[in-house]
Amino acid sequence: MERRTFGSTTLELVRGDITEQEVDAIVNAANARLAGGGGVDGAIHRRGGPSIMEECRKIGGCPTGSAVATGAGRLPARHVIHAVGPVWRGGTHGEDEQLASAYRRSLELADELGARTVAFPSLSTGAYRFPVDRAARIALGAVRAWLESAPTRIELVRFVLFDEATLDAYRRALAELGD
Ligand code: APR
């Protein structure tokens, strides 16, 4: 299953590269120092150019489970929302709640910015080693709950998954969400 509607918002799953998304806001898998890195973070700063890091330096940091917004430099998106997911430490250190919170806060920020289309990567499932099946259930559950909790101007939430195994995990989680 690749697409479902929650409230008046479409949630869809695609395989692809987050930096190529022509949406109002893309979400970065950032760290708490907003210091850049590899994976999604490296790709966004590389393709977006130095203005994004300049803004990150001014902001200074962001706690785990939260998010901050900058411009998108040379990327096709208008905003980058830097979300900080948890590092996986076995699942007993509040990681599930921190991950859900990173998604919720990103959606809140996107809505405040007036974004109608938002693209997420799979937060925390790369360098931060969060198990992907569990992360996919939390991600889609948190986004669904948020979309159904209040009216929003967001029309499209797209999960952009980099590899087939991750896309498959999100497909399974979307099918399991229930009605
Ligand atoms: N587009 C979409 N997804 C991508 C891209 C891309 N261009 N590049 C990598 N991914 C995928 C990875 O394959 C993984 O499935 O995004 C998922 C998240 O991986 P990471 O980017 O490593 O993010 P995370 O696990 O949250 O780790 C964050 O890594 O790069 C550092 O600075 C970052 O310290 C932070 C940490």
Side-chain angles (χ1 to χ4, degrees), residues 2 11-50 52-57 59-70 72-77 79-91 93-107 109-110 117-140 142-143 156-174:
E2 316 271 343
L11 188 158
E12 72 178 16
L13 311 179
V14 301
R15 186 169 172 190
D17 182 334
I18 193 106
T19 64
E20 293 173 0
Q21 303 304 308
E22 296 184 6
V23 291
D24 295 327
I26 64 170
V27 177
N28 182 19
N31 55 63
R33 292 180 301 126
L34 304 177
V40 174
D41 206 357
I44 284 176
H45 286 291
R46 206 160 44 242
R47 296 192 60 162
I52 302 174
M53 185 51 78
E54 280 163 28
E55 281 189 72
C56 283
R57 277 200 203 95
I59 296 166
C62 174
T64 301
S66 192
V68 296
T70 67
R74 294 193 290 263
L75 293 166
H79 309 280
V80 176
I81 294 174
H82 304 265
V84 183
V87 177
W88 178 255
R89 293 196 289 148
H93 295 80
E95 294 98 321
D96 291 354
E97 179 47 31
Q98 287 173 331
L99 186 62
S101 170
Y103 281 99
R104 284 195 298 268
R105 186 63 196 129
S106 297
L107 289 166
L109 265 180
T117 52
V118 183
F120 280 98
S122 177
L123 298 174
S124 284
T125 64
Y128 282 178
R129 301 183 315 275
F130 205 116
V132 66
D133 285 310
R134 181 161 167 163
R137 285 195 294 272
I138 292 165
L140 298 182
V143 169
L156 174 71
V157 175
R158 177 184 295 153
F159 277 82
V160 181
L161 294 326
F162 207 49
D163 57 81
E164 199 61 32
T166 305
L167 176 58
D168 274 343
Y170 277 73
R171 276 194 191 116
R172 284 193 296 273
L174 190 59

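Whatever order the structure lists ligands and atoms in, that order sets their numbers, starting from 1. If you read the sequence from its start, that first residue is 1, and numbering goes on from there.
- When all heavy atoms are compared, the tightest approach of I18 to V160 is N-CG1, 3.7 Å.
- Considering only non-hydrogen protein atoms, atom 21 (O) of ligand 1 sits nearest to V40 N, 2.9 Å.
- With values rounded to the nearest 0.5 angstrom, S124 atom OG is found 8.5 Å from Q98 atom CD.
- Here the protein heavy atom with the shortest distance to atom 35 (C) of ligand 1 is Y128 OH, 3.6 Å.
- Electrostatic pairing of R15 and E2 does not count as a salt bridge here, judged by no charged N lying under 4.0 Å from a carboxylate O.
- Residue contact check: G38 has heavy atoms under 4.0 Å from atoms 30 (O), 31 (C) of ligand 1.
- Between G85 and ligand 1 there is no heavy-atom distance shorter than 4.0 Å.
- Looking at S124, A35, A83 and measuring to atom 24 (P) of ligand 1, the nearest heavy atom belongs to S124.
- Atoms of ligand 1 found under 4.0 Å from any heavy atom of G37, numbered from 1 in the order shown, are 30 (O), 32 (O).
- Inclusion of T19 in the set of residues having an N or O under 3.5 Å from an N or O of ligand 1 is not warranted.
- Within the 4.0 Å heavy-atom cutoff, G42 does not count among the residues contacting ligand 1.
- Ion pair R158/E22 not flagged as a salt bridge, since none of the NZ, NE, NH1 or NH2 atoms sits closer than 4.0 Å to an Asp/Glu carboxylate oxygen.
- Numbered from 1 in the order shown, with element, the atoms of ligand 1 that lie under 4.0 Å from a heavy atom of D17 read 1 (N), 6 (C), 7 (N).
- In terms of N/O distances under 3.5 Å, ligand 1 is approached by G126.
- Distance check: S66 OG to H82 NE2 gives 12.5 Å after rounding to the nearest 0.5 Å.
- Distance alone, capped at 3.5 Å, places no donor-acceptor pair between the T64 side chain and the P86 backbone.
- Rounding to the nearest 0.5 Å places CG of L167 at 10.5 Å from OG of S122.
- Interface of S122 with ligand 1, defined as ligand atoms under 4.0 Å from a residue heavy atom, comprises 17 (C), 18 (C).
- Listed here is the closest heavy atom pair of I26 and A77: CG2-CB, 3.9 Å.
- Here the closest non-hydrogen pair linking Y170 and V132 is CE1-CG2, 4.3 Å.
- Checked by distance only, ligand 1 and A30 stay at 3.5 Å or farther apart across all their nitrogen or oxygen atoms.
- Between P121 and ligand 1, not a single N/O pair is under 3.5 Å apart.
- Protein heavy atom closest to atom 3 (N) of ligand 1, with residue, atom name and distance, is F162 CB, 3.5 Å.
- Listed by atom number, the atoms of ligand 1 under 4.0 Å from G36 heavy atoms are 32 (O).
- One finds no salt bridge joining E95 and R89 here, because no Lys/Arg side-chain nitrogen approaches an Asp/Glu carboxylate oxygen to under 4.0 Å.
- Considering backbone and side-chain N/O atoms, I18 comes within less than 3.5 Å of an N/O atom of ligand 1.
- In this structure, of A127, A165, G39, the residue bringing a heavy atom nearest to atom 22 (O) of ligand 1 is A127.
- Rounded to the nearest 0.5 angstrom, I138 CD1 and D96 CG are separated by 3.5 Å.
- Ranked by closest heavy atom to atom 15 (O) of ligand 1, the top entry among L167, T125, I44 is T125.
- The shortest contact between atom 23 (O) of ligand 1 and any protein heavy atom is with A29 CB, 3.4 Å.
- Heavy atoms only, all atoms of each residue included: V40 and A29 are closest at CG1-N, 3.8 Å.
- At least one N or O atom of D41, backbone or side chain, sits closer than 3.5 Å to an N or O atom of ligand 1.
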